[in-house]
Amino acid sequence: MNERQAKLRSIAGSLLAEGRVSLFIGFGPGLEPSRPVPWFAKNADEAGKLVLDPFCGPGLARYLLDETAAGPAGIVARGCDGLGLERLVADKRVGRDQVYVVGVACRGAVDPDKARRLAGRPVFGAEVNGETVALTTAGGRLSFPRSDCLLDRCLACADPSPRTADTWLEEPLPGAQREFEGVEALEKLGPDDRYAFWARHLERCLRCHACRNACPACNCVACSLDNPEWLERTTGLADHFMFHFTRAYHVAGRCVACGECQRACPVGIPLMLLNEKFMKDIRDLFAVPDPHRPQEAEPLGHFSPDDPEGWREGDETL
Amino acid sequence: MKLMRAGALPRLLETLGRQAQVYAPATEDGLVLLRPWTGQAIATSYVNPVNSLKGLVYPQTEAVLEFTGGDENLSLREAPAPAPQVVFGGRPCDAAGLALIAQVLLEGTFVDELFRRRREATTVLTVACREPGPYCFCRAMGVSPADERGSDVMFYPADDGYLVEAVTARGEEALQAVAGLLAPAPDTGARDACRELRIPLAEKLTTDRLAARLEGFFEHPYWEQVARRCRSCGTCAYLCPTCYCTAIFDTSRGTRGRRLRGWDSCQFKDFLLMAGGHNPRPAKKQRVRNRFLHKLSYSPANHGAYGCVGCGRCVEKCPADLHMVAVLTDLGEVLP
Amino acid sequence: MSLTWEPRIVGFACRWCTYAGADLAGTSRLEYPAAIRLIRVPCSGRVNPSFVLRAFQRGADGVLVAGCHPGDCHYTSGNLFTRRRYSLVKRFLEYLGMEPERFRVEWISAAEGHRFAQVVREMTADLRRLGPNRKMREET
């Protein structure tokens with residue numbers, strides 16, 4: 001029925017049986033078909049329960065931080081997971097030789113909440129076909145535009161497949177250029193409207209750290225956001241501004257645009273609009289065509305003698 | 001039992017708002033939240049507001065005391081008393097959560113004055129449920145969609161308004177203030193419908209004899225396996241209407257400062273970190289296990305009730321789907 | 001708040017160039033508004049962007065980061081990192097809603113006492129026009 005899934009189970013099963021990995025990270029059955037959960041198979045039996053379908057939403061790369069400590073781990077990687085792994089490797093937090101990457105060609109993950117809202121009932125299956133998504137419900141199949149069904153992070157995705165893999169589950173899809181339409185729209189507002197926008201969203205922040213803990217770039221052993229010298233534990237709007245300013249700046253030039261922070265946020269803060277602002281400016285000011293893909297030289301880790309003065313020139317939009 | 005027409009709700013809140021700060025559900029960026037009510041549209045179609053009642057009675061951070069001066073002329077001042085508040089639109093599970101927190105903070109040998117003051121300054125107007133949300137499982141935790149625990153007034157949604165019933169003396173008082181908006185109720189149908197509401201997800205879960213079955217389960221390999229997907233964020237605890245752990249910290253500017261108390265989460269890796277560097281729960285396995293055993297085993301043992309009211313927030317919002325329903329489902333298979 | 005509000009500027013000044021430039025402005029008896037409070041830093045590259053936001057949060061109406069001209073850094077390249085970093089941070093602050101005039105980055109050498117005085121005069125005039133900053137401010 002699902003050939004990709006069967007193939008993945010068999011690849012993961014062999015990797016585990018041959019002892020090439022001690023653990024395989026993918027998705028497994030969750031509370032309902034539309035919510036598969038991160039799954040950690042330790043043997044062929046558990047690999048036999050791996051799930052691979054358009055509902056596989058959560059980002060997996062960050063789990064490699066914990067799970068490569070005991071030996072090599074396998075992982076099923078979409079483009080976002082692949083870039084997350086590149087980030088961890090570039091930051092020397094995970095050894096590339098400690099990870100066996102099974103690359104896939106991802107066509108976007110269906111947001112379980114959007115799907116249920118659209119269908120008005122529980123959704124059992126989904127199929128992404130170009131610009132439409134077919135949802136299977138007890139009442140039959142319903143078709144919706146892709147842009148209404150997918151996770152936000154998938155709608156902006158330019159990386160359906162990882163850039164490298166140790167084996168491919170299927171023919172990888174080529175990457176594309178990232179666009180920053182959301183950032184551009186916000187830039188067109190005046191300062192007061194922009195401030196009102198961010199104050200409204202950040203006011204909801206719970207400081208649960210779900211964004212930070214979802215992020216493959218937020219991989220520091222000790223985080224300044226846990227240090228009261230840098231950020232007190234008070235929870236006023238000013239503190240939230242400090243939290244999100246610092247978080248976004250610390251991943252500037254390092255964010256891989258997986259969008260997992262925004263997916264993880266329980267109160268719907270459009271965190272990618274913060275990360276993407278840095279990406280867009282890095283692209284425009286420092287001529288980095290794909291700022292979300294880990295670079296030879298980190299955009300903020302080096303300089304060029306003829307860098308522009310970004311506060312003076314070229315920023316007509318603001 | 002009284003009947004109130006739906007159109008009278010703003011008048012009710014406005015009347016009660018003369019003496020107190022009123023909170024009501026409002027829609028914001030597609031989310032429904034309990035917000036200070038200043039006459040804006042009151043949201044009605046929601047399962048549960050994103051923020052539970054907890055945050056209004058047991059705020060994320062609140063001042064314990066205020067201080068000024070330095071070594072020589074230090075002066076301390078108790079934090080100002082909370083202003084009266086009326087909260088409309090919370091659900092019975094959330095109100096039951098408040099009752100659970102009250103059990104811990106008010107009924108033991110130590111009475112938490114901060115909580116007591118705010119709890120007593122709060123009138124809880126609960127709207128009972130006519131429809132279960134996809135992730136509701138209150139009945140599995142011994143809470144009903146018409147539960148009265150923790151509420152001062154119950155609002156049972158009827159066809160063209162609410163069936164209204166005071167639960168406490170404070171609730172009676174509130175209803176007297178708005179008596180002009182209430183008419184005699186023809187029947188109790190709306191209340192009965194809420195009381196009889198089926199909660200499908202709860203029917204799939206078994207919580208019978210759970211505490212007894214969990215005995216000896218502390219070292220089971222299940223915990224290590226399930227904890228792998230935890231990301232150690234505080235989403236579950238901060239959305240939870242019953243989690244009550246806090247930390248104390250000081251903040252100062254120049255010669256003025258405050259001692260504050262703020263929510264903490266047992267899932268954060270530094271939650272139990274001691275000054276000497278020892279961390280009794282350094283591993284995710286230990287932290288995740290603590291969360292669920294606290295709610296399913298320690299709480300029943302110490303307070304006679306599960307530390308979960310089945311509101312479904314963790315089910316909907318945990319970024320890794322490590323929530324109460326997942327664990328209860330797994331336990332159904334793993335436990336003897 | 002006093003009845004006659006005067007803007008407050010927090011200036012982060014590199015000790016080798018801008019701080020000496022400010023000294024020169026003083027010894028040259030140049031007049032400029034007393035709105036600025038200088039914080040001496042070893043290099044403009046020392047200025048963590050969190051310092052800037054924190055200054056705004058704790059009462060600054062404007063913030064200035066100033067150091068040696070590119071090519072003149074006492075530490076060779078500190079200010080070249082500053083240039084990159086604050087090219088982004090300046091735009092990011094504005095993206096969050098801060099008015100452009102409230103935050104400036106300037107190169108002011110030890111010989112440019114006039115330039116220092118002029119920047120402070122310009123900023124103070126801009127801030128007088130804008131009024132006190134309320135954005136991202138801590139509640140007091």
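Sequence lines set the chain letters: A, B, ... in the order given, protein chains first and strands last, and positions in each chain run from 1.
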> Counting only heavy atoms from other residues, nucleotides and ligands, does the tally under 6.0 Å from CZ of A/Arg93 exceed 12?
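Yes, because the 6.0 Å sphere around CZ of A/Arg93 holds more than 12 heavy atoms from other groups.
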
> If I take atom NE2 from residue A/His250 and atom OG from residue C/Ser50, how far apart are they, to the nearest 0.5 angstrom?
5.5 Å

> CZ of A/Arg194 to CD of C/Glu94: how many Å apart, nearest 0.5 Å?
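It comes to 7.5 Å.
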
> Counting only non-hydrogen atoms closer than 4.5 Å, can you tell me which residues of residues 106-124 of chain C sit against chain A?
C/Glu106, C/Trp107

> With heavy-atom distances below 4.5 Å as the criterion, would you say the side chains of A/Phe286 and C/Leu88 are in contact?
yes

> When you compare the side chain of C/Asn48 with that of A/Trp230, does any pair of heavy atoms fall below 4.5 Å?
yes

> Quick check on C/Arg29: does its CZ atom have over 12 non-hydrogen neighbours (other residues, nucleotides or ligands) under 6.0 Å away?
no

> Return the CG to CZ distance between A/Asp307 and C/Arg83, rounded to the nearest 0.5 Å.
5.0 Å

> Please identify which of these residues, A/Tyr249, A/Phe278, A/Trp311, meets the ring pair (Phe, Tyr, Trp, His ring centres under 6.0 Å) condition with C/Phe92.
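Only one of A/Tyr249, A/Phe278, A/Trp311 forms a ring pair (Phe, Tyr, Trp, His ring centres under 6.0 Å) with C/Phe92, namely A/Phe278.
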
> Based on non-hydrogen pairs under 4.5 Å, which of C/Leu80, C/Leu93, C/Val89 is most in contact with chain A?
C/Leu80

> Side chain from CB out, backbone as N, CA, C, O: work out which of these in A/Ile282 comes under 4.5 Å of a heavy atom of chain C, or both, or neither.
both

> For chain A, find which of C/Lys135, C/Arg54, C/Met98, C/Glu138 contributes the most heavy-atom pairs closer than 4.5 angstrom.
C/Lys135

> In Å and rounded to the nearest 0.5 Å, what is the OH to CZ distance from C/Tyr95 to A/Phe245?
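The CZ atom of A/Phe245 is 14.0 Å from OH of C/Tyr95, to the nearest 0.5 Å.
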
> Of the listed residues (A/Leu202, A/Asp193, A/Leu231, A/Val183), which shares the most heavy-atom pairs with chain C below a 4.5 Å separation?
A/Val183

> At a 4.5 Å cut-off on heavy atoms, which part of A/Ala196 comes close to chain C: side chain, backbone, both, or neither?
neither

> Does any non-hydrogen side-chain atom of A/Phe241 lie less than 4.5 Å from one of C/Gln57?
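In contact.
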
> Going from NE2 on A/His240 to CE on C/Met136, what distance comes out if it is rounded to the nearest 0.5 angstrom?
14.5 Å

> How close do C/Ser87 and A/Glu309 get, counting heavy atoms only, and between which atoms?
OG-C, 3.8 Å

> Could you check whether any side-chain heavy atom of C/Arg137 comes within less than 4.5 Å of a side-chain heavy atom of A/Leu237, counting everything from C-beta outward?
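Result no, sub-4.5 Å side-chain heavy-atom pair not found.
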
> What's the spacing between A/Thr234 OG1 and C/Glu139 CD if we round to 0.5 Å?
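Here the rounded value is 10.0 Å.
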
> Using atom types as modelled and distance alone, determine if a side-chain donor or acceptor of C/Arg91 lies under 3.5 Å from a backbone N or O of A/Asp281.
no

> I'd like to know which of A/Asp192, A/Thr246, A/Asp239 tops the heavy-atom pair count under 4.5 Å against chain C.
A/Asp192

> A/Gly190, A/Ser304, A/Gly236: which one forms the most heavy-atom pairs within less than 4.5 Å of chain C?
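Highest number of heavy-atom pairs under 4.5 Å: A/Ser304.
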
